[in-house]
Amino acid sequence: MTLYFASVLPGLEYVLSDEINNKVTDSEIIEINRGKVFFTTAKTFTCLSSLRSADNLFQVIDQFQIGPHKKHLSHVSERISQLDLDFIDHNDLFWVNASRKGKQTYSRFEAAKKAMEGINNHYPDWNIGTSQNHQVEFRLDIEHQHVIFSLRLTDATFRFRGQTRRFSRASLLPTVAHAMVHLSDPKSTDVFVDPCCGSGTILSERATYSAKRIVGGDVSGDVTKVAKSNIDDTKAQINVWDARELPLSNGCVDKIVTNLPFGRQISPDEDLKLFNHHIMNEICRVLKPTGRAVILSESVNQLLGEAKRLGLLCLESYSLSLKGLNPTLFVFEKQDEL
């Protein structure tokens with residue numbers, strides 16, 4: 001069993017740990033910290049790459065203790081110089097990226113330099129790159145006296161799903177969109193709708209699972225063109241519509257997942273409270289009894305009030321740290337009609 005950790009948007013740690021448990025069958029969650037989930041598994045990286053709520057994946061190489069002063073940095077180079085790193089391609093340029101939390105008298109850059117010295121002491125023919133030019137990246141995380149030395153397994157293309165995707169203003173990160181999809185409990189029989197689909201990030205993430213039908217829409221024709229360019233039209237149907245008046249019949253949708261307008265990112269033409277009122281009415285109308293709605297919004301008190309009025313039970317909620325804002329991710333379930 002190998003120890004890994006996945007970084008994740010703060011607030012989504014338990015969503016990611018649930019995804020790990022569901023997708024990595026032999027995994028064991030070891031520890032959950034802010035923005036990190038540690039787990040063990042014997043599975044290959046191919047299996048780990050299915051963890052689409054994770055920002056990045058790291059393989060833990062070593063853990064040890066260190067003092068808070070500059071004189072203690074020599075322990076970093078000594079310890080790392082003893083590690084077996086033969087499993088890494090030495091023809092590639094390497095780099096160490098460090099972070100620190102605590103009252104140390106050294107900087108993270110000084111810690112990173114000592115780690116690179118340790119690697120070179122053991123492997124003098126390995127070449128140090130730069131922060132912008134390297135193929136192998138190690139990570140040195142120092143939290144008070146505890147040190148974790150790891151190998152980064154992914155780059156930005158992992159969390160952004162490659163570099164061909166187009167994003168519109170206020171687009172969600174694909175990792176956040178996938179966490180929302182995961183919370184909807186996707187089933188192959190689902191009729192799935194995103195009433196405010198924007199550039200289609202949520203629809204793209206839902207399309208990684210089978211479904212009966214995937215539908216999205218936005219009030220802007222220009223935005224829906226971006227969404228259509230991002231998604232194979234055989235996987236999702238994209239419409240120009242007003243989310244306050246959905247062209248859908250009552251009780252026909254199993255799952256709704258959407259990012260409502262909030263904060264400085266985007267504002268609807270009308271008053272935000274009135275917009276939320278209308279769209280919550282529509283969400284409740286088109287949902288089947290026991291259907292699920294996963295909604296991201298900054299209007300916490302209003303959404304809870306609207307949900308109570310409409311008979312939507314709040315199953316879970318997660319406070320996120322997103323682009324300087326603190327929206328809440330809600331999981332609602334429509335109560336079965338008596």
Evaluate side-chain contact (heavy atoms from CB on, under 4.5 Å) for Val136 paired with Leu151, printing each intermediate quantity in order.
CA-CA 8 Å; Val136 176; Leu151 174 68; 3.7 Å; yes
Ring pair (Phe, Tyr, Trp, His ring centres under 6.0 Å) between His75 and Phe64, worked out:
CA-CA 10 Å; His75 183 53; Phe64 55 95; 5.5 Å; yes
What do the steps show when you test Asp141 against Arg100 for salt bridge (charged side-chain N to carboxylate O under 4.0 Å, His left out), and what is the final call?
CA-CA 6 Å; Asp141 289 302; Arg100 68 175 181 85; over 6 Å; no
Should Asp26 and Thr41 be marked as a side-chain hydrogen bond (donor to acceptor under 3.5 Å, both in side chains) after you check the CA-CA gap, both sets of side-chain angles, and the distance that decides it?
CA-CA 6 Å; Asp26 70 341; Thr41 179; 2.5 Å; yes
Is there a side-chain contact (heavy atoms from CB on, under 4.5 Å) between Val257 and Arg206? Walk through the geometry before answering.
CA-CA 9 Å; Val257 176; Arg206 181 59 182 86; over 6 Å; no
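Closest of all the heavy-atom pairs between Ser81 and Glu78 is OG-O, 2.7 Å. Annotation for Gly198 and Ala227: closest pair O-CB, 3.4 Å, computed over non-hydrogen atoms. Between Ile231 and Ser204, the shortest heavy-atom distance links the atoms CG1-OG, 3.2 Å. The minimum heavy-atom distance between Phe39 and Ser27, with the atom names listed, is CD1-CB, 4.5 Å. The shortest non-hydrogen separation linking Cys196 to Phe275 is SG-CZ, 4.3 Å. When all heavy atoms are compared, the tightest approach of Met180 to Ile295 is CE-C, 4.4 Å.
Under the side chain to side chain contact (heavy atoms under 4.5 Å, CB included) criterion, Asn97 pairs with Arg108, Glu137, sequence neighbours left out. In this structure, Val219 has no side chain to side chain contact (heavy atoms under 4.5 Å, CB included) partners at least two apart in sequence or on a different chain. Under the salt bridge (charged side-chain N to carboxylate O under 4.0 Å, His left out) criterion, Glu31 pairs with no residue at all, not counting sequence neighbours. Not counting sequence neighbours, the partners of Phe330 by the ring-ring contact (aromatic ring centres under 6.0 Å, His included) test are Phe332. Considering only residues two or more places apart in sequence or on other chains, His144 meets the ring-ring contact (aromatic ring centres under 6.0 Å, His included) condition with none of them. Listed by chain and residue number, nothing satisfies the salt bridge (charged side-chain N to carboxylate O under 4.0 Å, His left out) test with Lys308 (two or more places apart in sequence, or in another chain). Listed by chain and residue number, Phe45, Phe158 satisfy the side chain to side chain contact (heavy atoms under 4.5 Å, CB included) test with Ser49 (two or more places apart in sequence, or in another chain). Applying the salt bridge (charged side-chain N to carboxylate O under 4.0 Å, His left out) criterion to Lys235, with sequence neighbours excluded, gives no partner residue. Considering only residues two or more places apart in sequence or on other chains, Tyr123 meets the ring-ring contact (aromatic ring centres under 6.0 Å, His included) condition with Trp126. For Tyr14, the ring-ring contact (aromatic ring centres under 6.0 Å, His included) test picks out no residue, with sequence neighbours left out.
The closest donor-acceptor contact from the side chain of Asn326 to the backbone of Leu320 lies under 3.5 Å. Using modelled atom types, no side-chain atom of Gln132 and backbone atom of Thr130 make a donor-acceptor pair closer than 3.5 Å. Here the side chain of Arg152 pairs no donor or acceptor atom with the backbone of Gln59 at under 3.5 angstrom. Checked by atom type and distance alone, the side chain of Glu245 never pairs as donor or acceptor with a backbone atom of Asp242 at under 3.5 Å. One N or O on the side chain of Ser7 and one on the backbone of Asn56 form a donor-acceptor pair closer than 3.5 Å. Distance alone, capped at 3.5 Å, is enough to place a donor-acceptor pair between the Lys334 side chain and the Leu287 backbone. Although no hydrogens or angles enter the test, the distance criterion places no donor-acceptor pair under 3.5 Å between the side chain of Asp190 and the main chain of Phe192. Side chain of Gln135 to main chain of Asp92: no donor-acceptor pair is present (N/O by atom type, distance under 3.5 Å, no hydrogens or angles). For the pair Asp84 (side chain) and Asp86 (backbone), a donor-acceptor distance under 3.5 Å is present. Lys36 contributes no side-chain N or O that, together with a main-chain N or O of Ala6, makes up a donor-acceptor pair within less than 3.5 Å.
Counted by atom type alone, Arg161 and Asn230 present zero donor-acceptor pairs between their side chains at under 3.5 Å. A donor-acceptor contact under 3.5 angstrom links the side chains of Glu19 and Ser53, judged on distance only. No donor-acceptor contact under 3.5 angstrom links the side chains of His122 and Gln82, judged on distance only. Side-chain contact annotation: Ser220 with Asp218, donor-acceptor N/O pair under 3.5 Å absent. Judged by distance alone, the side chains of His69 and Gln104 never bring a donor and an acceptor atom under 3.5 Å apart. Counting only N and O atoms by type, the side chains of Asn276 and Ser299 include a donor and acceptor under 3.5 Å apart.
Side-chain contacts under 4.5 Å among hydrophobic residues (ILVMFWY), followed directly or transitively, place Phe5 together with Leu3, Ile30, Phe38, Phe58, Val60, Ile148.
Contact annotation: the side chain of Leu140 approaches that of Val147 to within less than 4.5 Å [non-hydrogen atoms, C-beta and beyond]. Between Thr40 and Tyr4 the shortest side-chain heavy-atom distance does not fall below 4.5 Å. In this structure, the side chains of Leu73 and Ile66 come closer than 4.5 Å at one or more pairs of heavy atoms. In this structure, the side chains of Leu51 and Lys23 come closer than 4.5 Å at one or more pairs of heavy atoms.
Leu83 is connected to Val76 through a chain of hydrophobic side-chain contacts under 4.5 Å among Ile, Leu, Val, Met, Phe, Trp and Tyr, so both are in one cluster.
Surrounding CZ of Phe109 are at most 12 heavy atoms belonging to other residues, nucleotides or ligands under 6.0 Å away.
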Could you go through residues 182-189 and list every donor-acceptor pair under 3.5 Å that involves a side-chain atom there, pairing it with any protein atom two or more places apart or in another chain?
unit_1 : atom_1 : unit_2 : atom_2 : d
His182 : NE2    : Asp18  : OD2    : 2.8
Ser184 : OG     : Val181 : O      : 2.6

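The line from OG of Ser297 to CD of Gln302 is 7.5 Å long, rounded to the nearest 0.5 Å.
None of Lys212, Arg213, Lys288 except one satisfies the side chain to side chain donor-acceptor pair (under 3.5 Å) rule with Asp254; the exception is Lys288.
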